[in-house]
Each structure stands twice: as structure tokens, then as C-alpha cells.
Protein chains: 2
Amino acid sequence: MAASTLTEVARLAGVSPATASRVLNGSDRKPGPGVSERVRQAAEELGYIPNAQAQALAKSSSGLIGLIVHDIADPYFSAIARGVQSVAKTQNKMVLLATTGGTPADEKEAVAAFAARRADAIVIAGSRSSRPEDQKANTELAAELDRYCRNGGHVGIVGQAIVGAGRSEGYHLVELPNEQLASELAAQLAQLHSGEFVIVGGPEGLVTSDDRIRGFQKGLANAGRAPAEVVNTSFNRAGGYDAGRQLADRIRSSQEAEDGGDPAYTRKSRLCVFAANDVMAIGAVAALREEGLRIPRDALVAGFDDIETLRDFRPALSTVRLPLEEIGRLATMSTAGYSRKETLARSKTADESGHQPASTGAAHFGDGQGPAVTGEVKLRRSTQWTP
Amino acid sequence: MAASTLTEVARLAGVSPATASRVLNGSDRKPGPGVSERVRQAAEELGYIPNAQAQALAKSSSGLIGLIVHDIADPYFSAIARGVQSVAKTQNKMVLLATTGGTPADEKEAVAAFAARRADAIVIAGSRSSRPEDQKANTELAAELDRYCRNGGHVGIVGQAIVGAGRSEGYHLVELPNEQLASELAAQLAQLHSGEFVIVGGPEGLVTSDDRIRGFQKGLANAGRAPAEVVNTSFNRAGGYDAGRQLADRIRSSQEAEDGGDPAYTRKSRLCVFAANDVMAIGAVAALREEGLRIPRDALVAGFDDIETLRDFRPALSTVRLPLEEIGRLATMSTAGYSRKETLARSKTADESGHQPASTGAAHFGDGQGPAVTGEVKLRRSTQWTP
DNA sequence: TAGTGATGGGAAAGCGCATTCCCGTTTCAT
DNA sequence: ATGAAACGGGAATGCGCTTTCCCATCACTA
């Protein structure tokens, strides 16, 4: 038994498919009450489920929102995904998921796949890459996005603009104040302790990581401190762990140099490790502990993101709270309000009349001054130590 | 500029749409090399992207896999989602996401939405509810799933069978040995310490939670221990936290009774808290600590799931490792290998020939002895204490 | 050389629905 | 009473693609 079609429903109800369509998928024309009743009943009886594909084809609007993340199991992305999902629900849309591991080439493919499905909007979360070897793929990604936009699509980008993407209509950027907040974090940590700093970041060229590192350095500089050494590793728990292993050696040797092996010696200067995200920070702590060091007695550790699941970690991580779910929501809402068709119609009108249509509430998302995302520096136990 | 269509490509290449279709989306008939070349070039030139909706409509196979979870930001589900996503990718399919908060009514709607989109398969992760008030919704969910299956869909269910769902073809269950593993955990914990046990579980009627609780009690019974008291709360961090608050009082008063207020007294019997999942366990630990208690000195805590992000938590949680990503993969693979069309054809053939087609490798997933998911009990610091 | 089967290409019929016309009724102002 | 305007319904077209079905061509074998 194949799924029943609108035509079957119409036949059973003794009306034309047109009428059946009108009553079942509310059009501006309201059919007579008797007819409506019959059709609805027929639909019920047959267990009619409209074919969304056919609807999409006929209406050229799919009710789909594409979401691109590096890894859905990463709490950073799953928090954003929750936000995206929540507004999708309010708009009666569904979210299509693509994970790319951060490869621009994969991201390009994901965009193409979403475009093929005529997604009403695409949300790209996850850091851009500015690595030279990714440049070609980035350009292609930008081209793909441009095409998607020209065809009436809307894309919401979390974080940084796509390298090389035109600022055309359809782009909506939710900027994250990574640099700013990292700088503030550094400032506050600099006040708190006088020792050296080390930064554990992702691979060079991962924009989010680079931004945070740069911000942190700026904050240190403003506080009159020397620039911190940077350890580049992978932008996840494993990377933090590896860095932690490396740092443990250094910490121990500098301790010996300072206390001359006297266990009763009270250390004045501890190393403060800033990891460019919380998951890395946790990895670093794990490694340091395995090496027999204690936090915050032997080293201070700070992170970034304020991942929910990690808030109960002890000693609590000093970090920067980013409203991730809200960010996902913002990025999605920034793209919303227009179906593909409306957008195409709008731009056509604009072409004819020779000027842009008045910008609506949602439109201002694209003008470079995206919605305000405010973070918050949180100082907690992992960077505070009184002997 | 609207997206270019196959017809436009065909025209540019000077061939018929039929031929263009054949060369661009591989059919069994291979067009001549000269023609292929021209068509491919035309497609490139126009930036042709096939309309997946139209393809789906024509082929009645959408390349979509629907995934239903309670909450995508919950690490349990996001780990499963990663597994689902990974096999989707190998099959060149995309994942459609729906979150339901665990409400059977929402799940029913999600299934309907997936059916409307003609998803090739649906994976349902997340516990069923056996609460009386959900019974009606469960029945409807089962009906919706049945219909979906009859129309050639495949559904992979993680955990427990849908209450009331027929065991018809198309259902594929990945059973989780929750009860079994909880029982083993209890057995090992019972060996480790002699004190009392308390179970912190989700709301009564949440099958996963109930299974784990029952298993734990069985394990205790087998070890000759009295049944543990059960605290029912919400199946998340907040629930664990609340329970922790409650338990703190009790722990303190029983401590006073035992040691008479002597701080040097070495406690013999500690309360061992088994939380029905790791996130709850973490919540409980947080609450206990806020109350000034220490783990494992004042209380032991065990969880379930072995959530990746929480492995670095200290003291390390005793828990049960479930291969979540693998589970997601299994559930997805169990549904795979058939397009909707093939399945419909197969069942038609079966009808005519009067017997079931030979079961393939994948088919055995539906026969009640689903793929083997093996977990592992992990005893760690949070339940081990030597004064 | 006629006959036969393969082969590559096109015409056309849907897939299931929305939507634009178009037409017969009714309603209301004149 | 009469025309216009609204209204409720149906026929038909098209969304973009796949897939039969059919036809012309070609390479063989007899």
C-alpha cells in the first residue's frame, strides 16, 4: 500500500484536487464548510500525509534549514544546534544537519547539498580557516554560497565572515566578540596573578582560535605584560591534553629552579595556561594531573566558551561565557522571515524599481552590524590560589 | 537569476533533457562520450545543481534520514547523532533532525513530518515513556510508525520497542542492555563497599531509567543486599542536583548519628548513590559538594553512559560505558540498504510469490535479536575510598 | 543483401502538489 | 430588476526531474 495522495483524497471526498488542496493546506480561499468537512474526513480516513517534496517543488520553498557544524558531538556545536533547532521549530521548519570536521571543501559540498534541497536558509557554525592551503576551497565555498544567495537563499554565519565572500544580500553575520572577550579575560587574569602566561590554541589559521589568541595577547599587552608563548595544537580535548603533557615538564623544571627541591617552599609565580576553548582546557588539566601536578596549586588554567556540561568541573574553570544557544537562535532568526520565493520576488521588484527595498527588521542583520552577542568573563577557582 | 534547470543544461548542450539526466545522474544507459562531455560542460557552465526535491519526487527516494532525539545538546544524544551522521555520510544521505523533549506526541509529529518528506529511514533515539498519561500518544506514535513502515519506510529504534508497535517488517531495534549492565554495576559496587545504596533516577515511566533502576536492584539482590531506596526526579543534571541536595541532609544526619560529632572518626559505611545517567551523577556531585560534602569521602557516586566530556571529571565517575556513537551507527545501518522503492518492490514480490524474500545481511536486524551492543562497567575513583 | 539484435538518442508521460485561469452562483448596491 | 462584484469550485498547467516507450542507426550474422 503506497501512501495516499491528494488526488485520492479528493476523489473520495467527491471534489477536485484543487479544492482538496485548498482545504488541507490552507490557502487564502476558504472552501465551503460542508466541503471542508468531507475533505478533512476523507483525508483522515485514508491517513493522508502530504508529500512535502511535491509541495516544495510546487511552492519552491522546502521548509528546510541547513545547519553546518564541525562536529555535532562537540558540546559547543550541539549547544548552537539546540538554538537553531528551537527557532526552526517555531517556524515549522526542519533542520538538516551536515558535519564537516571544519574542512572548507566539505563545507562547500554541504552548501551544494542544501542548495540542491532548496533549503530556505543555511546556518554555518564553526570557525573559518585562513590557512593558505584552504584558500582555494574557501573561494569555492564562497562562490557556492554566493550562488545560493543569488538564488534567493539566506545564510547565517556564526563567527567570522567567509573569506572572500561578497557582502551581498542574503548574508547575515553573527559576529562573536572572541578577541574582545579574550582580551578582557587576559586583563583580569593579569590582575590576579603575576606569573607567566602560556596560550594553548588550535592550529594556526583557525580563525576562532587565532582571534582568541590575539585578543589574549592584547589584553596582556594592555596590562603591561610580556606576550605569552603560544602552543598550537588541535582545537579539541586531545590537543589540550597533548599541550598539557608538554607543559608539565616545563612547570616541574621551573619549579625546581625556584624552590631548589624544597617541598615546603611557597611558590610565588605559577604558570597560567589559557586554553582557547573549554574542552582543550579540560584536556590540559587532565594531562597536568596525570603528571602529578595540581590545579590551581601548580598551574592555573582558563578556558573559553563556558560549556554547560563542564561547569561542574572542579576546580571550576575560569572562562568566558558565550551564549551559545542564543547564538544559534540569532543566526537562524537572522535568515528568517523570507521564503525563497518572496526573496526572489523582492529582488526582482528591486531590480525593476531601481532601488533596494526598505530594509526590514530582519534585514539589518546583513549590514555588518549584526545582532549583539555579549559574552561575560567568569573568574573561577582554577585561576585563583591562596596558599 | 533562478537556479538553472536540467532542461536549460540540455538545451545548451543541444541534447534532450532525458539524455542530460542520464549523463548527469548516472543511469544504466551510458550515453556516448562526445555527448557526455558536452552535457557535463554545459552543466558546469551554468552552475547546475540538481533539484533534489524534484529528483525525490520522480524517484520516490529522498536520500533523507530522520533522527529523533530528546535534546540535541544532551551529550548522550549528540554522541548518538554523531554516529548516525557518520553512516549517513557514507551513504550520501543527509540527516534531518527533530527534537522532542521526550514527549510521545511530539515524536509522533516528527515521524509524520519525516514521512511527509519521504525520509528513507527514521532513527528514534531516546527513551520511550510508559507513563499511563502517555499511553494514548504512544499508541498514535505506534500507528504513525506502522503506517510509515507499510509505505516502505524503515525505522531504527534505540533502546526499547515502541509500546504497542507491531513487529512488522521495517522495524529494527537496537536493544541496549541497560538492565543487564546496571545489574553488573551493582554487583561490583556491592563487592566494593558495604554501606547503603540510593538510586537517583528519572521520572517513573521513563523506560531507560526504569530499566537501569530495576537492573541495579537486581544486582543488589543477587549480592544479598537490601533494595535501595529510589529517588525519582528529572532525568538530567538538574534532577541529579536536586536529589543531591536532598541526600546531603540525610548523609549528614546519619554521619552525626554514627560518629557522634567526632571529626576524627573514620566512617565505615558511606552512602553510595547510583544515578541513572552520568549527567545526573554530575549534578548530584555538584550538589553534595555545595553542601560541604566530599566525594568519595562522604559519599560514593556512580553514573551510567560514560559520557565522553565527563571522563576528565574528578573523582572519576564509576559508570557503565555505552558505545553511543556505535549505537547511532548500528541503528542507522540497520535501516539501510533499501531505498523506499526497493522495499515496496520487495514486499510486492513477496506478496505475489507468497513467501518472504531471503533475508539479507541487514534484514536480521529486525528479527528481534538486534545487533549486539556490549557495554562495560567501569569502576573508578568516585566509588573507591581508602581512608 | 536482407534480417536481427544491440545501441544511443528523443518524445512524452508521469511523480504529487499549488496555483492560475475560468465559469457558474450568489449577494448586494443601484 | 439588473448589473457588478464577490464567492466557491473545477480544469488545466507547470514545478524539475526520471523513466518508460519508441525510433533511427549501426554492426553483425546468415
Side-chain angles (χ1 to χ4, degrees), chain A residues 2-39 42-43 46-63 115-118 151-152 339-342 344-345, chain B residues 2-39 42-43 46-63 115-118 151-152 339-342 344-345:
Chain A
S4 48
T5 74
L6 184 60
T7 311
E8 293 173 11
V9 173
R11 195 178 318 144
L12 181 62
V15 300
S16 77
T19 305
S21 169
R22 290 195 262 257
V23 22
L24 291 180
N25 309 311
S27 93
D28 38 356
R29 294 197 20 194
K30 349 148 218 281
V35 179
S36 292
E37 189 49 37
R38 285 213 319 276
V39 172
L46 291 174
Y48 169 70
I49 294 183
N51 184 325
Q53 314 275 6
Q55 290 187 151
L57 186 57
K59 293 196 294 198
S60 33
S61 154
S62 60
R117 297 226 135 77
R118 300 300 186 263
N151 289 343
S339 73
R340 292 176 62 83
K341 201 166 200 178
E342 283 165 352
L344 282 172
Chain B
S4 47
T5 72
L6 183 62
T7 311
E8 293 172 11
V9 173
R11 194 179 318 146
L12 180 63
V15 301
S16 77
T19 306
S21 168
R22 290 195 262 254
V23 23
L24 291 180
N25 311 313
S27 95
D28 39 355
R29 288 186 38 181
K30 1 163 204 250
V35 179
S36 291
E37 189 49 38
R38 286 214 318 277
V39 171
L46 291 175
Y48 169 70
I49 295 183
N51 185 323
Q53 315 275 5
Q55 291 189 147
L57 186 57
K59 294 197 292 199
S60 32
S61 154
S62 60
R117 299 225 135 79
R118 300 300 185 262
N151 289 342
S339 73
R340 293 176 61 83
K341 202 166 201 177
E342 283 165 351
L344 282 172

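Below, read A as the first sequence line, B as the second, and so on, with proteins coming before strands; counting in each chain starts at 1. Remember, predicted model here, so these are calculated numbers, not experimental data.
Residue B:Asn51 holds its CG atom at 9.5 Å from OG of A:Ser62, rounded to the nearest 0.5 Å. Taking CD from A:Gln55 and CZ from B:Arg117, the interatomic distance works out to 8.5 Å, rounded to the nearest 0.5 Å. How far OG1 of B:Thr19 is from CG of B:Leu24: 10.5 Å, rounded to the nearest 0.5 Å. Taken from CZ in B:Arg11 to CG in B:Leu6, the straight-line distance is 11.0 Å, to the nearest 0.5 Å.
Here the P atom of nucleotide C:dC17 and the CG atom of A:Asn25 are 8 Å apart, to the nearest Å. The distance from atom CD of A:Gln53 to atom P of C:dA18 is 13 Å, rounded to the nearest whole Å. In this structure, B:Lys59 places its NZ atom 17 Å from P of D:dG16, rounding to the nearest Å. Regarding B:Arg118, its CZ atom lies at a distance of 20 Å from the P atom of D:dC17, rounded to whole Å. Summarising the geometry, the separation between CG on A:Asn51 and P on D:dC17 is reported as 16 Å, rounded to the nearest angstrom. The distance between atom CG of B:Leu6 and atom C1' of C:dA12, rounded to the nearest whole Å, is 15 Å. Following rounding to the nearest Å, A:Ile49 (CD1) and C:dC17 (P) show an atom-to-atom distance of 11 Å. If you measure from atom CD of A:Glu8 to atom P of C:dG16, you get 8 Å, rounded to the nearest angstrom.
Nearest-nucleotide positions on DNA chain C for B:Ser16 and A:Thr5 put B:Ser16 closer to the 5' end. Ranked by how close their nearest DNA chain D nucleotide is to the 5' end, B:Tyr48 and A:Pro17 are led by A:Pro17.
At the phosphate of D:dC17, neither OP1 nor OP2 sits under 4.0 Å from any side-chain N or O atom of B:Ser21. Between A:Thr7 and C:dG16 there is no side-chain N or O to OP1 or OP2 distance below 4.0 Å. For D:dG10, the OP1/OP2 oxygens have a side-chain nitrogen or oxygen of A:Thr19 closer than 4.0 Å.
Side-chain atoms of B:Arg22 and base atoms of C:dG10 include a donor and an acceptor less than 3.5 Å apart.
Within the nucleic acid shown, B:Leu57 comes within 4.0 Å of at least one base atom, counting heavy atoms only.
Out of C:dA18, C:dA11, D:dA11, the shortest distance to the side chain of A:Gln55 is found at C:dA18. Distances from the side chain of B:Ala54 to the nucleotides D:dC17, D:dG10, D:dC15 place D:dC17 closest.
Judged purely by atom type and a 3.5 angstrom limit, B:Arg38 uses its side chain to pair as donor or acceptor with the backbone of B:Ala13.
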